[in-house]
Amino acid sequence: MRKFILAFLVVVLIVMLGVTYVLKQFQQTADLSYSKLQSVQSTVVYDKNDRKIDELYKTVPRQNVSSNEIPDYVKMAFVATEDRRFYKHFGIDLQGIGRALFKNIVTMSKAEGASTITQQLARNLYLSSDKTIKRKVDEMFLSLGLERQFTKDQILELYLNQIYFGSGVYGIGAASQIYFNKPVSDLTVGEAALLAGLPKAPSTYSPSNSTEKATARRNVVLKLMHDQNVISDTQYQ
C-alpha cells in the first residue's frame, strides 16, 4: 500500500510540474503586444534631449513591412518553402514531425527538423538556436501560445520581418533593398523565390557570396511554388 501511495504522489508531482511548465510557456505569449513586436527595427541612438544621433545597422536599416505591402506570391514563396501546411496546422505540424522522424530514422541523421513558421518565430523571439530536446519542447509550447494570440497573417508578417537573410540583413524589407534595390511590393516572382531560399542557409545561398548557389536554390523554391500551385506554368518557366 505504501508503495502505491508513493507512486501515486510521484505521478501527481510530475503532472503538477508538467502543468506548471505549460502555463509558464503560455504566460510568455499571453501579454504580447503585436504593435511592440512590429516595432523591432534598427537601433536608434538619441542624445539627452531626445534628438536622433545615429541609426545602428550593418548594411541597410532594418524596417518593418506590413502584410498588405507584401504580394501574395511573396508570402507564398516562404510558405511553400518553409511550411507548406502553415494555414492548416495550429503551430505544430504533426504530419511534418512524423515525416521528419521517418526520414531521420531512415537516413540515421537529424537532417529534418520539421519546424513550422510559427516555431521559427518563437525561436527567434525567445530561444537560442541550440539543438536540444528542451529547446524544441519550449519552442512547441511557445508556438501554441503565439497561435492563440495572433492570426496567421500576423504571425507570417512578424516572421518575415524577423528572419535573417544574410549579408548582415534582418527582415524582408531590408533584404529586398540590399539585394534588389526595390521595395517588397515590387519584387518579381523570381526575386521572391531567391529571398525565400535564403533562410535555410543565408551565408551559403546569398547571391553576395555565390551567384551559382543562389540561383540553384532559387530554382528549387520556384519548383516548390509550382508544385504547390502558387505560380502558373508560365510564371515557372
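Numbering of residues begins at 1 and proceeds along the displayed sequence. Everything quoted here is computed from the prediction, not taken from an experiment.
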Find the distance between [atom1] ([X]) and [atom2] ([Y]) and round it off to the nearest 0.5 Å.
X      : Y      : atom1 : atom2 : answer
Met140 : Ser115 : CE    : OG    : 7.5 Å
Leu146 : Gln154 : CG    : CD    : 11.0 Å
Ile231 : Met225 : CD1   : CE    : 5.0 Å
Gln149 : Ile155 : CD    : CD1   : 10.0 Å
Ile92  : Arg85  : CD1   : CZ    : 12.5 Å
Leu125 : Gln120 : CG    : CD    : 12.0 Å

Checking [X] side chain against [Y] main chain: does a donor-acceptor pair fall under 3.5 Å?
X      : Y      : result
Glu157 : Ser67  : yes
Thr116 : Asp83  : no
Asn161 : Val65  : yes
Tyr179 : Phe165 : yes
Ser176 : Ile172 : no
Ser206 : Ser208 : yes

In residues 214-221, what donor-acceptor pairs under 3.5 Å come from side-chain atoms, sequence neighbours left out?
from	atom 1	to	atom 2	distance (Å)
Thr215	OG1	Thr211	O	2.8
Arg217	NE	Gly197	O	3.0
Asn219	ND2	Thr215	O	3.4

Would you check if [X] and [Y] make a side-chain contact, meaning some heavy-atom pair closer than 4.5 Å?
X      : Y      : value
Glu69  : Val184 : no
Lys223 : Tyr236 : yes
Phe86  : Thr118 : yes
Phe78  : Leu195 : yes
Gln235 : Tyr73  : no
Gln177 : Pro183 : yes
Leu224 : Arg84  : yes

Considering all heavy atoms of both residues, which atom of [X] and which atom of [Y] are nearest to each other, and what is their separation?
X      : Y      : result
Gly190 : Leu222 : CA-CD2, 4.5 Å
Ala77  : Ala192 : CB-O, 4.0 Å
Leu198 : Pro207 : CD2-CD, 4.2 Å
Asp186 : Glu191 : O-OE1, 4.1 Å

- Message: As a quick check of understanding, evaluate side chain to side chain contact (heavy atoms under 4.5 Å, CB included) for Gln228 and Val79, giving each step before the final call.
- Response: CA-CA 10 Å; Gln228 295 173 50; Val79 171; 5.6 Å; no
- Query: Do Thr151 and Asp153 have a side chain donor and acceptor closer than 3.5 Å?
  - Reply: no
- Task: List the steps, then state whether side chain to side chain contact (heavy atoms under 4.5 Å, CB included) holds for Ile70 with Leu187.
- Result: CA-CA 9 Å; Ile70 307 174; Leu187 289 172; over 6 Å; no
- Task: Name all residues meeting the salt bridge (charged side-chain N to carboxylate O under 4.0 Å, His left out) criterion together with Glu147; count only those two or more places apart in sequence or in a different chain, and write none if there are none.
- Result: Lys152
- Message: Pair Asn124, Tyr164 - check side chain to side chain contact (heavy atoms under 4.5 Å, CB included), show working.
- Response: CA-CA 10 Å; Asn124 289 339; Tyr164 183 59; over 6 Å; no
- Task: Decide if atom NZ of Lys182 counts as having more than 12 heavy atoms of other residues, nucleotides or ligands within a radius under 6.0 Å.
- Result: yes
